[in-house]
Amino acid sequence: TTTKLLPRLIRTAFLAVEQSEGAGARVRRSIGTPKLRNFSPFLMLDHFSVPPGAGFPDHPHRGQETITYLMQGGIDHEDFAGNKGRLGPGDLQFMTAGRGIVHAEMPVQNEDGSANVGIQLWVDLPKHLKGCEPRYRDLRAEEIPVVEADGGRVTVKVISGQSHGVDSVKDLAYTPVWLLDVEVRPGGKVVQPLPEGWNAFAYTLEGEVLIGEEGAQRPVGEFHNVVFEGEGQAVYAAVDEGAEKSARFVLVAGTPLDQKVVQYGPFVLTSQEEVYQAFMDYQTHSNGFERADGWESEIGK
Ligand SMILES: Nc1ccc(F)c(C(=O)c2c[nH]c3ncc(Cl)cc23)c1F
Ligand SMILES: [Fe+3]
């Protein structure tokens, strides 16, 4: 007999509200707002929609990792070390800013003028890695294992972590994070184990999902962030038999880091002095920001 997995209960669920960011971009920020801070290791979650001509021109980062997951369109990136590339639909970029990165992230011009849509998650770096060399890990859509379950009513893209016996291809961030892109069709249901004790949330991208065990389900509409309690072994999700469309959500879990978070915009360290130092280093092109001296991106002009 298989022992039933204890459900992760919902701590809170709330609608992510659109706001402006960068140059003309719109983001639904659901982590990193007064509603949800101190949710280690997660610092920010932006569900972005970037129309042509808008974007995120030259800006710095220090002390965190950013995970950018493109759903629609494309994003070009270019940094002060000459790294550049394009993310297309279904691709991800894991960027470890470490001691310092200055880059631009600009949308590609889609011929039909459609927006470029995706999510960007910021994950805190363990204190001892805050000064590490920056690095990139690209994960292309075709590299991501996809597993079907519940008679084809459930599809999981295993970006990072494990689902239904399928492992993701490689560890991409220093801070252990699971990232699963889950689609549940009407009448489908899924029980997804998560590492015990990790902080976990689900962000709903489309449709309405019922979270919880049979008899204790809570409907969650799109663009909501569902934060789970720490206890429990698995997330239970389902979609009503009579629903018009599937539900799609990203399910994310990460190890809480036992360290302070002191953040000033894109500078995330563990003390006020270090944040002040980051600001000074950025202004004076030192301690990791040397290559910012005289640098401007091509794509962010
Ligand atoms: N000015 C400013 C200050 C700080 C930032 F982090 C940014 C920034 O780059 C982004 C914030 N949300 C995002 N979602 C997706 C993408 Cl691709 C980029 C961003 C930015 F533009
Ligand atoms: Fe950035």
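All figures in this text were calculated on a predicted structure; none of them were measured in a lab. Order of listing sets the numbers, starting from 1, for every ligand and every atom in it. Residues take their numbers from the sequence shown, with the count starting at 1.
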Distances under 3.5 Å, N/O of ligand 1 against N/O of the protein: list each pair and its distance.
unit_1: ligand 1; atom_1: 9 (O); unit_2: H59; atom_2: NE2; d: 2.9
unit_1: ligand 1; atom_1: 9 (O); unit_2: E105; atom_2: OE1; d: 3.2
unit_1: ligand 1; atom_1: 12 (N); unit_2: D46; atom_2: OD2; d: 2.7

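Taking the side chain to side chain donor-acceptor pair (under 3.5 Å) definition, one finds that H59 meets it with H61, H103, E105, sequence neighbours left out.
A salt bridge between E214 and K189 is absent, with no side-chain N of the basic residue lying under 4.0 Å from a carboxylate O of the acidic one. For K4 and E213, the salt-bridge test passes: some basic side-chain N is under 4.0 Å from an acidic carboxylate O. Under 4.0 Å is where a charged nitrogen must lie from a carboxylate oxygen, and between E229 and R11 at least one such pair does.
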Cut-off 3.5 Å, no hydrogens considered: what does the side-chain donor-acceptor table look like for residues 251-259, sequence neighbours left out?
unit_1: Q259; atom_1: OE1; unit_2: K127; atom_2: N; d: 2.8
unit_1: Q259; atom_1: NE2; unit_2: D124; atom_2: OD2; d: 3.1
unit_1: Q259; atom_1: NE2; unit_2: L125; atom_2: O; d: 2.8

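Shown here are the protein N/O/S atoms lying under 2.8 Å from the Fe ion (ligand 2), water excluded: H59 NE2, H61 NE2, H103 NE2, E105 OE1.
With a 4.5 Å cut-off on side-chain heavy atoms, R185 and S246 count as touching. The closest side-chain heavy-atom distance from V158 to D167 is not below 4.5 Å.
Of the candidates H47, R248, H224, Y203 forms a side-chain hydrogen bond (donor to acceptor under 3.5 Å, both in side chains) with just one, namely H47.
Atom CD of Q283 has more than 12 heavy atoms from other residues, nucleotides or ligands within 6.0 Å.
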